[in-house]
Structures are given as C-alpha cells and as structure tokens.
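Note on naming: letters A, B, ... go to the chains in the order of the sequence lines (proteins, then strands), and numbering restarts at 1 for each one. The analysis underlying the following values was restricted to heavy atoms, covering all of them including side chains, and did not include hydrogens, waters or symmetry mates.
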Amino acid sequence: MNSSPDSKTPATAEEIAVTLPDGSVRQYRRGVTPREVAASIGRRLARDAVAARLDGDLTDLDRPVEANAAIAIVTADSEDGLYVYRHSSAHLMAQAVKRLFPEARLGIGPPIESGFYYDIEAPRQLTPEDLRAVESEMERAISEDLPIRRFELPRPEALEFVGTRGETYKVRLIEDLPEEERLSFYQQGEFTDLCRGPHLASTGRIRPGTFRLLNVAGAYWRGDERQEMLQRIYATSFRTPDEVEAHLAQLEQARLRDHRRLGKELDLFSIEPEVGGGLVLWHPKGGMIRRRIEEFARQRHEAGGYEFVYSPHLGRSWLWQTSGHLDWYRENMYAPMEMDDGQEYYLKPMNCPFHILIYRSRPRSYRDLPLRYAEWGTVYRYERGGVLHGLMRVRGFTQDDAHLFCRPDQMPEEIDRVLNFCVDLLRAFGFEKFNAYLSTRDPDKAAGTPEEWEAPTEALRAAIERAGLPYEEDAGGATFYGPKIDLKFQDAIGREWQCSTIQFDFVLPERFGLTYVGEDGREHRPYMIHRALLGSMERFFGILIEHYAGAFPLWLAPVQAVVIPVSDDVLEYADTVAERLRGRGARVDVDRRREGVGYKIRDGELQKVPYMLVVGKREREAGTVSVRRRHEGEAGTEDLETFAQRVAREVAEGEAGGGGPLHGAAPAATLAGTIK
RNA sequence: GCCACCGUAGCUCAAUGGUAGAGCAGCUGAUUCGUAAUCAGCAGGUUAGCGGUUCAAGUCCGCUCGGUGGCUCCA
C-alpha cells in the first residue's frame, strides 16, 4: 500500500492518480481530500472514515492530496483508527481539563496500549473527584460536537501562539523539533493544541462512554528525572462502551489475580519491612512450589546435558573489575564489604564470573566442548525503592542461570538446543503463545567487529525461524557485549511476560582470557552464551501465581489433597487415607477441626486445593474416598488405590509438559489452549 | 531516588475535632454434622512512629518510617 502509482499513470496539471489498497488506481482532481476519495468509493466508507494513510503516513481526511499517491482510508475499527480515536479522546480530555483549570499547562498526550494519557501541569494535585468532573466536561464537549480543524503555522508564529497562551511545555516541544518540521495545530472550539495528528472530524465523533479516566500519577517531563514532574492522567479508551467495560473487568480480573494478594491469602510468601524491601521470605507452601519448579527444571537440565555448579554469594573486587561489572553495573551493586585482609568483597549481582573461573580452572580441549554450567544462583541487585513490586521486581533473587561454552562450529547447534529447551520448559507451565525478540548490533556501542557479530546473530535468527516462533528484530537493541534473543510468552489472561533471555558474550571470554586447545594444538577463544529461562525464581513464581490465579496444577500444588472427615468418628480412617497417599508421594493434609463438612470444603476451595476427599462411615466401610475437585464439585466415590494411581498419573502428565490437568485453574477458554 | 495517595485488631473495613467499633480469622465451650461458612462466649489497639495546634486529635499541621500507583508507549 506504500507504493505510488508508477510512471504509466503520470500526474497531469489537474488530475492525479490514487492507488487504493486493493491495487486499483483511480483518477481524481488535484487537491482531492481523502474524505472525498472515501465518499467516491462508498457512503458507508465515508461515514466510518476517521483518517487516511497517505503513502503510508497517517493523515487527516481533509488534507488535500497534491500528487499521485497511495491512499488507504482508515476506519474506526482498524488499529490506525483506534489510534486516531484515542488521540482525539486525549485532546478532548485536555480540553476538559483546561476548561476546569484554565491555568493548567499541557505536556504530551499520546495514545497508548489500552487508552491514552495526558501529562499536565495543574495548579493543584488532581483528585479522583476531579477526574469525574473532567469526564463530565468531556461528555459536554462531545455534545457540543465541535469541529476539529487543522492548521499550520510557521515556526516563529507557532512559538508565539503557544508562548502567549503560557504553554511553556509546548514551546519546548517546538524548540526541540527539527527546523524543517511542519508545525500543525488542531482546534476544537476554544481549545487548540500543537499536534502532529491526525484527528477525528469533530468532538461529536467520540462516543460517550468509550473512555474512563483511571488514575493520576507523577511523570517527569520527557521522562527525565532531572526535569519537573507533571501529573499524568491515565485513561482507558476503546471504540465501544462494551469494550471499555470489558477492559475494566479485565483490570479487576488482574487485581483479583494479584500475586501479592494471593501470596498472602494462600500463605505463599511475604516481604517484611523488618527484612527490607525487595527481599522475599518464602513460606512453606511457596517453598514447596518453588522446590517442585526447581526439581523439575533441574531434571530437565541434567537430561539436556547441563552440569550443575555452585558458587558463593560474595567475591573479591578483582572479579568484578575483571568482568567489568564495576564499570558498567556499579549502580546496581551493593556497597563493598571490607574484610580483615583489606580486600573488598561484593555481593554478586550475576553468576557469570564464577562460572568462567570454573571453566578457567584447568586447560580445556576442543574435545571438552561444549560445556554447560548451570546454577540456581542467588544474586543481589540494588534497585531504587520506587521500582520494587511484590515478587516481580526485587533486590535478591535466584536465577535459573547457565553459561554455555562452545567452539564456533558448535555454536548454531547450541543455540538451537537452548531455544527449543527453553520453549519446552515454559510449555510445562501451560504457556503456549510465544514471541521472540532478536536484538542486533548497535554500531555506536558494540564490542567486537561487525564480522564477529555476523555469525552469532544469524545463528540466533536461524534458531528462531527453525523453532517456528514469531519474532521481531530490534535492530541496534543489543547490549554492547553481544546479540541476544528475548523470549516473551502470554499468560492465562493474555498479558505478555519476558523471562527468558539468551545472550551472546564477546567480552567476558576476552577479559578473562578464556581459551581451549584446538585440534591444531593452538589456543582458541571459546564462544560464551549466557542464558536464563525462567529468569528469576521470584518473578517467575509471581507470574505463575497470577497465571494460575493461585490454583496451581496438581504437580505444583503445595497441598494436593485435603482429607475431610465427616465427624470425629472417622478421624482415624482419615489419617489412614492421608498416610497411604503420602506413602505414594502425594502431599496430603487432614482437616481435623471440629467443623461441618461445608465449612472445611469452603476452606479447601478458598485455599485452592486440587482435591478434597470427604470420608465418613460409608467410605471407611468400603475403603473408598468421596472425591471432590476444586471448582468443579463432587466427582464420585473412588477406591483409595484408584485415586492414588490417578494422582500419580496426573502429576506425571503435568511434569511431562502441557501443564497437565489444571482442574479449573484457568478459565475454560484458556484451559483448552493449555492442554495439548 | 522523585511526585502523589495511603497507613485504625492477624485480615477486610467503620468511627460531623468529643468515651476507638464490626465482620472474618484466633482462643474457650457446646454441637458429631455428608459436599462453599453450626451456635455462644472470650480475648485482641500507644489508631505506623515522633513532634506540634487545641479544653479535647484516629481525625488538623510538620517530620520520620513503611506501603501503593506512576516516572517517554515521545507534539
């Protein structure tokens, strides 16, 4: 759609050729507007049009077209259309704010993922009540149906225009724009804003109820903490009120899944101020889940040719000087400890130097490679107080870290192996939708030559393609020490998370002088790859809690079954049942409280225990259990041995991948997607 | 770190500047019960901490501590 008509359809003095998305070419008079083009195609299209793509650029419907061009009409129901809709909604909000607070100064107000925001310098702190008032004012401006008009001003006039209105931030925006940039403004009623556009034709095109102002938060001007802080009003915005409601419902759903809330309710972990922010206490149940994850991953790693190593939490400054961490990572490292030998020791922010020294502890032959050193290594990184967030952003965490050392000729296969290994591992937790991101060399700050980057970068790309993963390339996005793949996956409610990273490193083998002796008897430099798949155990646990909404699948559940005796008469049988199941490796509790069955079941449901086993006299006589599944209710009476076998089978299925039976751990739609 | 908001019993939340309260959880007792809450009683607090205003502060002001939301998705 970006291609203009070719020379076979030349523009004449009064006619131009317009190429439409379907490839057809139509003749129009010079100066025709996209709106007129839309009208000539169909009344419906003209009605739904909100903007146009002119040779690929978003533009207004009323911008005259002066030359041959490719035009695509943008309707409200497209991605572009939503972008324009939200952008105009942001302007509407700014207009409403200015009506209520004429002294307010405007920063920027772009569309974002699920809505828009506007940064504003207001005369006072805005309250939730203010936001309601702004919403009402927005509805009023909609009912006024103010036409939205675009005009351009030369730079000096533009500066004067915003300057006389006291819009100091707009002045700075213009000053920062390149000289040759055309400066456009959009006017609706008494309100005018500097803006690139495009916008809807009038405020009446915004449907009431398609936006909701959510909250106000501080945001630095231009995101720079040295600059002044503005108030950012976040709003959600969609094409229809139903979508807004659905989004608000999803926010509520996310709130209910919040791992901090569930962590407390299910007694999984806590973060105590007395310990310190970002330092996690794993309670027994959280610890059980973590051990299941770690054990499972460890077995997979051993089967995958990894060897496990251990390294200390501290190391002398020499390590970090040599690795370069003290140069480029210092602000994330804790202050050194001076020991009695006068040496400075640092808490480790990463495991790599230790693994490297293991490699370097003896001469290596080309026959030894590849070497794959894995460690669930606990690292400490200083994070500023304001960024800490539950388990997601912490100061002490355990990585499922590994370092691969290999010969150049082994490198493509190593990459293939580790990427597939990673995807397999994540699938076991019920994640199915993946996106890869390939970060390539930044010429301005890259170690090594472009030629050195070539082979690894292409190996990474080839591995992604062979794995059949959708991917995007972040050209120049790599860190200075090598290209990398970041892998993201979607959770049960469609949120995307990045945990896995596979990174080449040209720098550390050099700095530590790593070598191996080749077939030719000479020393060669090995390739080195850092990789963490689950990333941080803490963060991955937080993601899992939210993904499963606290209802862990059987193989991970800290308590897999709770035995519920109907009365004290059958306590003994309840204990027998529990013991028999424990003997088969199941994690079973008995609820011995003198409460009714309903009470204990309710408690089991709230604690999200996968199986509840009600036992009374009937079961005792028959040697059975009455099985109840979490979220599903009664599932019939079963012979104790049959049940034990079922649990063993379901645990094995869970560990085998595909997440195993979740028993209502996620909404049905997601369940279907997680079981192969 | 910065801006804003918040901090009352273990948890969730009440209390026009005028005697700190409820539900759940906990403990004690009774109830022996069949698939999402049995009943009664008891206990639980320096209202995060420190200072100030006031006859009087959970409430108003200041500081400290802690938590929460956010801090380029660039006109």
Look at all strands and tell whether [X] reaches a base, only sugar-phosphate, or nothing, counting heavy atoms closer than 4.0 Å.
X	answer
A/Ile108	sugar-phosphate
A/Leu183	base
A/Glu595	base
A/Arg260	sugar-phosphate
A/Gly386	base
A/Ile174	nothing
A/Phe185	nothing
A/Lys170	sugar-phosphate
A/Val566	base
A/Glu619	base
A/Arg232	sugar-phosphate

Euclidean distance for [atom1], [N] against [M] (whole angstrom):
N	M	atom1	answer
B/C27	B/G34	C1'	28 Å
B/A25	B/C65	C1'	28 Å
B/U12	B/G18	P	26 Å
B/A56	B/U16	C1'	15 Å
B/G45	B/A30	P	27 Å
B/C13	B/C2	P	28 Å
B/U31	B/A40	P	16 Å
B/G49	B/G10	P	13 Å

Using side chain to side chain donor-acceptor pair (under 3.5 Å), reason through A/Arg172 and A/Gln227 one step at a time and then give a plain yes or no.
CA-CA 12 Å; A/Arg172 287 154 74 176; A/Gln227 307 265 20; 3.1 Å; yes
Do you know which of A/Lys264, A/His389, A/His547, A/Glu546 makes side-chain hydrogen bond (donor to acceptor under 3.5 Å, both in side chains) with A/His259?
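Exactly one pass, corresponding to A/Glu546.
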Residues two or more places apart in sequence or in another chain: which of them pass side-chain hydrogen bond (donor to acceptor under 3.5 Å, both in side chains) with [X]?
X	value
A/Gln490	none
A/Asp474	none
A/Asp193	A/His91, A/Tyr118, A/Lys170

What are the residues of residues 215-224 of chain A, sorted by number, that bring a heavy atom to within less than 4.0 Å of RNA chain B?
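Here the set is A/Asn215, A/Ala217, A/Gly218, A/Ala219, A/Tyr220, A/Arg222, A/Gly223.
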Output all residues satisfying ring pair (Phe, Tyr, Trp, His ring centres under 6.0 Å) with [X], sequence neighbours left out; order by chain, then residue number.
X	result
A/Phe101	none
A/Phe541	A/Trp282
A/Phe211	none
A/Tyr234	A/Tyr117

Between A/Tyr234 and A/Arg628, just flag the one whose closest nucleotide in RNA chain B comes earlier from the 5' side.
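The residue closer to the strand's 5' end, by nearest nucleotide, is A/Arg628.
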Between A/Gly276 and A/Tyr83, just flag the one whose closest nucleotide in RNA chain B comes earlier from the 5' side.
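This one resolves to A/Gly276.
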Please list, in 5' to 3' order, the outermost nucleotides of RNA chain B lying under 4.0 Å from any heavy atom of chain A.
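Reading along RNA chain B, I get B/G1 to B/A75.
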Tell me, which pairs form a ring pair (Phe, Tyr, Trp, His ring centres under 6.0 Å) where one or both residues lie in residues 174-198 of chain A, sequence neighbours left out?
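Of all non-adjacent pairs touching residues 174-198 of chain A, those that pass ring pair (Phe, Tyr, Trp, His ring centres under 6.0 Å) are A/Phe151-A/Phe185, A/Phe161-A/Phe185, A/Tyr186-A/His199.
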Side-chain donor-acceptor pairs under 3.5 Å in residues 105-115 of chain A, sequence neighbours left out?
residue	atom	partner	partner atom	Å
A/Arg105	NE	A/Gly166	O	3.0
A/Arg105	NH1	A/Glu121	OE2	3.3
A/Ser114	OG	A/His247	NE2	3.3

Report the stems of RNA chain B as range-with-range entries sorted by first number; a stem here is at least three consecutive pairs, Watson-Crick or G-U wobble, both distances under 3.5 Å, and write none if there are none.
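The stems that RNA chain B takes part in, listed by first number, are B:1-7 with B:65-71, B:10-13 with B:21-24, B:26-30 with B:38-42, B:48-52 with B:60-64.
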Is the distance from the ring center of A/Phe397 to that of A/Tyr380 below 6.0 Å?
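No: the rings miss the under 6.0 Å criterion.
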I'd like to know if the side chain of A/Thr203 and the backbone of A/Leu146 have a donor-acceptor N/O pair within less than 3.5 Å.
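Confirmed, A/Thr203 side chain pairs with A/Leu146 backbone.
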